[in-house]
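Data block below; observations after.
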Amino acid sequence: MKFEDYHFSDEVKMSIGKLGFKKPTDIQFKTIPHILRGEDILAIAQTGTGKTAAFAIPIIEKLHAKKKFQSRKDGIKALVMVPTRELAIQIDDVFKKLAQNTRVKSFCVVGGIDQGPQIQKLEEGIDVLIATPGRMFDLVSQGYIVLSRIDFLVLDEADHMLDLGFIKDIRDLLKFLPAKRQTLFFSATIDAEIKKLAYSLVTNPIRIQISPKDPVSKNIDHALIKVEQDDKRFFLERIIKNYPEARFIVFTRTKVRAERVVQAMERVSIKCLSIHSGKTQEERNEIMSQFNKSLINVLVATDISARGIDFPDVDFVVNYDIPEQPENYVHRVGRTGRGIKRGKAYSFCSPQEDPLLLQIEELLGKKITLVDIGYSDYSEVVKESEDAHTDWKTLMKQMDEAEKSYAQRKRKKK
Ligand code: ADP
Ligand code: MG
């Protein structure tokens with residue numbers, strides 16, 4: 001079935017066409033009719049399969065159809081909650097594009113920037129609000145956001161939104177919402193416990209799950225490289241230099257390790273930037289913009305900072321560190337192979353990380369293919385590095401000291 005054949009308004013069809021979408025993806029095909037019928041949904045589908053449009057299209061269509069009968073003064077009609085600011089901005093962009101020929105107005109509120117202009121925009125009246133919990137609750141408690149007319153509540157990256165960090169926020173939020181509403185959960189991963197929690201928050205949900213057996217998209221070839229912890233930088237350098245035109249996202253476990261990777265790559269003349277919660281919102285926006293415009297082709301990220309983000313044309317994901325939460329493996333490699341594109345993911349696994357790898361393979365229900373690097377090749381990668389002659393131990397010590405003094409300065413400032 002094509003989008004042309006749907007009973008959508010011409011305005012919505014036109015903007016779907018403008019985005020270049022001809023046929024719905026599996027998850028869109030399966031969820032859109034239920035959402036149009038007013039049902040609650042728990043939708044699980046692999047990364048990069050178009051979950052955003054799966055909820056944005058029917059929400060816009062329904063609001064657009066009703067628009068003639070109600071005024072915007074009624075308040076916000078749809079609330080989309082997401083874990084990060086970058087994801088909120090991205091989803092708002094999709095709503096804006098899909099709603100461009102309608103009167104449906106979307107807007108996003110995120111923390112880290114001045115709230116003045118956000119308040120002004122809210123007072124003009126909007127239909128769809130995309131928000132991260134922190135700033136939204138501030139604005140609710142100050143009375144700038146009224147949630148009593150919500151028809152749709154969407155939790156994107158739902159397993160993360162219902163996880164420990166956010167569940168209290170979500171429960172508080174439900175108190176502000178009308179009982180009669182549609183609740184939609186979307187995610188690529190969900191475990192049994194979170195699923196139970198999700199069900200407890202909705203009435204008669206329709207559960208839609210696409211390829212539950214293998215949570216990694218079939219567009220991604222993923223492989224494992226066994227490498228000693230201290231040699232990882234050489235392997236990263238080799239892969240990046242083998243593909244000078246390619247675009248990479250490199251994942252590390254912590255912010256500090258992300259910074260170390262950036263420094264190690266800079267020493268071998270590889271330009272890269274890092275994104276994580278230790279940077280200001282302005283810095284994060286600037287980095288996203290540089291990476292999205294291909295001004296830099298290597299982005300070093302931590303798990304949370306990249307969840308759900310649709311970075312354009314990422315060829316490689318490198319798990320520089322094996323993730324501690326197994327489901328994060330799925331979210332990380334899912335930054336490539338999006339839509340109809342293919343992608344590659346390499347995971348660098350040191351002997352110390354083998355137990356984490358086992359957990360991931362258990363979640364995937366299969367082994368990750370091992371790339372066999374014979375010993376001579378291995379030592380060649382290390383030897384050929386521009387950086388092989390640096391005294392790494394001294395350097396690490398210097399960096400540790402720099403970090404400590406930075407932390408001290410920061411504490412003093414406070
Ligand atoms: P997910 O949330 O499932 O990870 P996104 O909603 O971010 O995926 O979409 C992934 C990519 O697929 C985006 O670049 C989006 O523009 C594209 N896409 C979505 N729906 C379609 C479609 N029906 N046809 C072609 N491309 C699509
Ligand atoms: Mg998504």
Side-chain angles (χ1 to χ4, degrees), residues 1-6 8 12-33 35 41-61 80-100 106 108 130 132 154-161 184-190 208-212 214-220 247 249 288 291-292 303-315 317 327-343 345:
M1 190 162 169
K2 292 186 177 148
F3 276 124
E4 277 170 18
D5 307 323
Y6 276 75
F8 294 149
V12 171
K13 275 189 186 173
M14 241 156 58
S15 48
I16 294 175
K18 233 178 167 177
L19 281 178
F21 299 176
K22 298 200 169 58
K23 269 172 46 190
T25 62
D26 283 355
I27 191 70
Q28 291 163 0
F29 180 75
K30 291 208 174 142
T31 51
I32 289 173
I35 300 175
I41 275 192
L42 169 66
I44 309 296
Q46 293 159 324
T47 52
T49 55
K51 291 187 285 296
T52 317
F55 58 79
I57 292 173
I59 289 177
I60 293 168
E61 175 63 28
V80 182
M81 299 288 287
V82 300
T84 65
R85 299 162 188 174
E86 284 73 20
L87 190 56
I89 294 166
Q90 174 181 308
I91 292 179
D92 183 34
D93 187 54
V94 173
F95 267 96
K96 287 202 161 56
K97 284 181 176 146
L98 284 167
Q100 60 183 303
S106 75
C108 80
I130 300 105
T132 50
V154 182
L155 298 192
D156 192 30
E157 303 295 334
D159 59 338
H160 189 65
M161 297 302 294
L184 314 172
F185 297 122
F186 280 81
S187 186
T189 53
I190 197 153
I208 297 168
Q209 194 151 354
I210 312 266
S211 321
D214 187 355
V216 174
S217 157
K218 58 186 183 316
N219 294 353
I220 304 167
R247 286 164 54 73
I249 298 187
M288 290 287 284
F291 187 64
N292 288 344
D303 287 299
I304 298 305
S305 63
R307 221 206 217 234
I309 304 292
D310 190 41
F311 296 102
D313 305 319
V314 173
D315 305 284
V317 165
E327 66 275 8
N328 281 345
Y329 179 84
V330 176
H331 293 285
R332 286 176 176 195
V333 301
R335 294 318 101 209
T336 186
R338 301 182 67 75
I340 53 167
K341 300 199 177 105
R342 294 203 64 86

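In listed order, ligands and their atoms are each counted from 1. Here the structure is a predicted model, which means the values were calculated and not measured. Atoms considered below: every heavy atom in the structure, side chains included; atoms not considered: hydrogens, waters and symmetry mates.
Classification of the Y6-F3 ring pair by plane angle, with boundaries at 30° and 60°, yields tilted. Under the 30°/60° scheme for interplanar angles, the aromatic rings of F55 and F95 are found to be tilted.
Residues R247 and D315 come closest through the heavy atom pair N-OD2, 2.7 Å. I44 and A188 make their closest contact through CG2-O, 3.7 Å (heavy atoms, listed as atom of the first residue, atom of the second, distance). The minimum heavy-atom distance between G308 and L87, with the atom names listed, is O-CD1, 3.3 Å. The minimum heavy-atom distance between T25 and T49, with the atom names listed, is OG1-O, 2.8 Å. Residues G337 and S217 share a closest heavy-atom pair of O-OG, 3.8 Å.
Among protein heavy atoms, the minimum distance from atom 22 (C) of ligand 1 is reached at F21 CG, 3.5 Å. Looking from atom 12 (O) of ligand 1 to the surrounding protein, the closest heavy atom is G339 CA, 3.8 Å. For atom 20 (N) of ligand 1, the closest heavy atom belonging to the protein is Q28 NE2, 2.9 Å.
The shortest separation from a heavy atom of K23 to ligand 1 is under 4.0 Å, placing the residue in contact.
Ligand 1 has an N or O atom lying under 3.5 Å from an N or O atom of G48, backbone or side chain. Considering backbone and side-chain N/O of G50, one or more are found under 3.5 Å from N/O of ligand 1. Annotation: K51 places an N or O atom under 3.5 Å from an N or O atom of ligand 1; distance criterion only.
Heavy-atom proximity to T52, at under 4.0 Å, picks out these atoms of ligand 1: 2 (O), 5 (P), 6 (O), 7 (O). Each of the atoms 1 (P), 3 (O), 8 (O) of ligand 1 lies under 4.0 Å from some heavy atom of T49. Ligand 1 places these atoms under 4.0 Å from at least one heavy atom of R338: 1 (P), 4 (O), 5 (P), 7 (O), 8 (O), 10 (C). When each atom of ligand 1 is checked for a heavy atom of F3 under 4.0 Å away, the hits are 23 (N). Counting atoms of ligand 1 from 1 in the listed order, those under 4.0 Å from a heavy atom of T47 are 4 (O).
Using a 4.0 Å cut-off between heavy atoms, D310 contacts ligand 1 through its side chain alone, with no backbone atom that close.
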Next on the checklist: Using the rule given for side-chain contact (heavy atoms from CB on, under 4.5 Å), can you reason through D159 versus H331, listing the C-alpha separation, both sets of side-chain angles and the distance that settles it, and then say yes or no?
Outcome noted: CA-CA 12 Å; D159 59 338; H331 293 285; 4.1 Å; yes
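Between T84 and I304 there is a side-chain heavy-atom pair separated by less than 4.5 Å.
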